[in-house]
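Written below as structure tokens is the structure these notes are about.
Chain naming here is simple, since letters A, B, ... match the order of the sequence lines and numbering starts at 1 in each.
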Amino acid sequence: MLKILTVDDSVTARKVMAKAIIKVAPDYEVLQAANGMEAIQMAVSAGADLVMAIVDYNMDGMNGEKVLEELKKTHPRTHMLICSANNQHAVRERVLKIGAGFMEKPVTEEKLRNVFKQVGITVAEVDGTAAPVVPKEKIAK
Amino acid sequence: MKITEEQSDTLKELFNVGVCAAAKSIEELSGTEVELTVPHLSLISIGDLINELIQTEGSTLTAISQVYSGPFDGTALMFYSQQSSFKLVQIMMKTDTAPERMSDLETDALCEVGNIVLNACLSSIGNIFETEIETRIPTICTGSVEEIITLQGRTSKEKMVIFLKMGFTLSTHEICSYISFMLDTDKIDALLKYVDRYIEKVLG
């Protein structure tokens, strides 16, 4: 099963994100990590099944930017997204520079649906019916 | 008085969203990125808080305080070391006035920065809770940590408060500051009801 990883040091934020992902993209398994080290380990275990990593920016230890840089080394084809309330221009620019997308908190299903559609992740129709799964190799980079 | 792990985590996350909104305001005002720490929350007596702040920040602070009310009441504080406050005003006003010659206009500018930042933070939290948080006119004061934290002696040192704190730094200008919220425990039940309602809404 294809996987989406969410990384956030807030349990509440992780639960909110996981719930939204399950609703919007029910065909994907959601992995949850509380920090950068956990995220890297989970990504390695998931291997090529990891289609997207959604990472908080402001975290103790490794911040979101550093986590993405590490994940890029092992998963260059995985889509990367920073999800943060910190939407300063400087932060957004750095995120874009490392080849990741940016989504502002608070998370909504609508925002997530738009992001997933942009990168080719299969989303459920609004009535909850899943659209046909797109093979992994066809997911746009 | 007890706060569950889930309530504490949610409060920190909501505070984070609010402070990030404030950071964007500062970035726009100063043209400089604001680096943020992760939020910290403690349930602490005013007396212990004073001791803690003296140890970490020194004995004198400049603070902008803003009383807010609505479904829950409290005092939002933005405080700086004296040196940082002067530097921030110099950046905002694009002036190099020496600190000892700081005019009323420049002091007013510092107060306005606090007003923008604290309101960005409070309104963002109000929006998440789908309620209105009313704010009064901010006031600026420089004094001992005790004077500032007890609101010039109006608050007893035994009083318990929830203290949320998040540090920010304007790295290129060497400015370190904190945005803090002191939440009176008298009103904490009202706040926690909103937190529980939010948790139920987003996770229930």
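At least one side-chain heavy atom of A:His89 sits under 4.5 Å from a side-chain heavy atom of B:Glu28. Contact check for B:Glu33 versus A:Glu93: no side-chain heavy atoms found under the 4.5 Å cut-off. You'll find the side chain of B:Ile128 stays beyond 4.5 Å of the side chain of A:Lys105, heavy atoms only.
Between B:Thr10 and A:Thr12, the closest heavy-atom pair is OG1-OG1, 2.8 Å.
Atom CD in B:Glu13 sits 13.0 Å away from atom NZ in A:Lys15 (nearest 0.5 Å). Separation of atoms CG (B:Asp9) and CG (A:Asp9) is listed at 8.0 Å; rounding is to 0.5 Å. Within the model, atoms SG of B:Cys20 and CD of A:Gln88 stand 7.5 Å from one another, a figure rounded to the nearest 0.5 Å. Residue B:Thr37 holds its OG1 atom at 8.0 Å from CG of A:Asp60, rounded to the nearest 0.5 Å. Of the inter-residue distances, the one linking A:Ser84 atom OG with B:Asn16 atom CG reads 6.5 Å to the nearest 0.5 angstrom.
A donor-acceptor pair under 3.5 Å is formed between the side chain of A:Lys19 and the backbone N or O of B:Val202.
A salt bridge is absent between A:Glu104 and B:Lys24; no separation between the charged side-chain nitrogens and carboxylate oxygens falls under 4.0 Å.
There is no contact between A:Arg92 and chain B, counting heavy-atom distances below 4.5 Å.
Taking chain B as the reference chain and counting heavy-atom pairs below 4.5 Å, the highest number among A:Asn86, A:Asp8, A:Asn87, A:Asn63 is found for A:Asn87.
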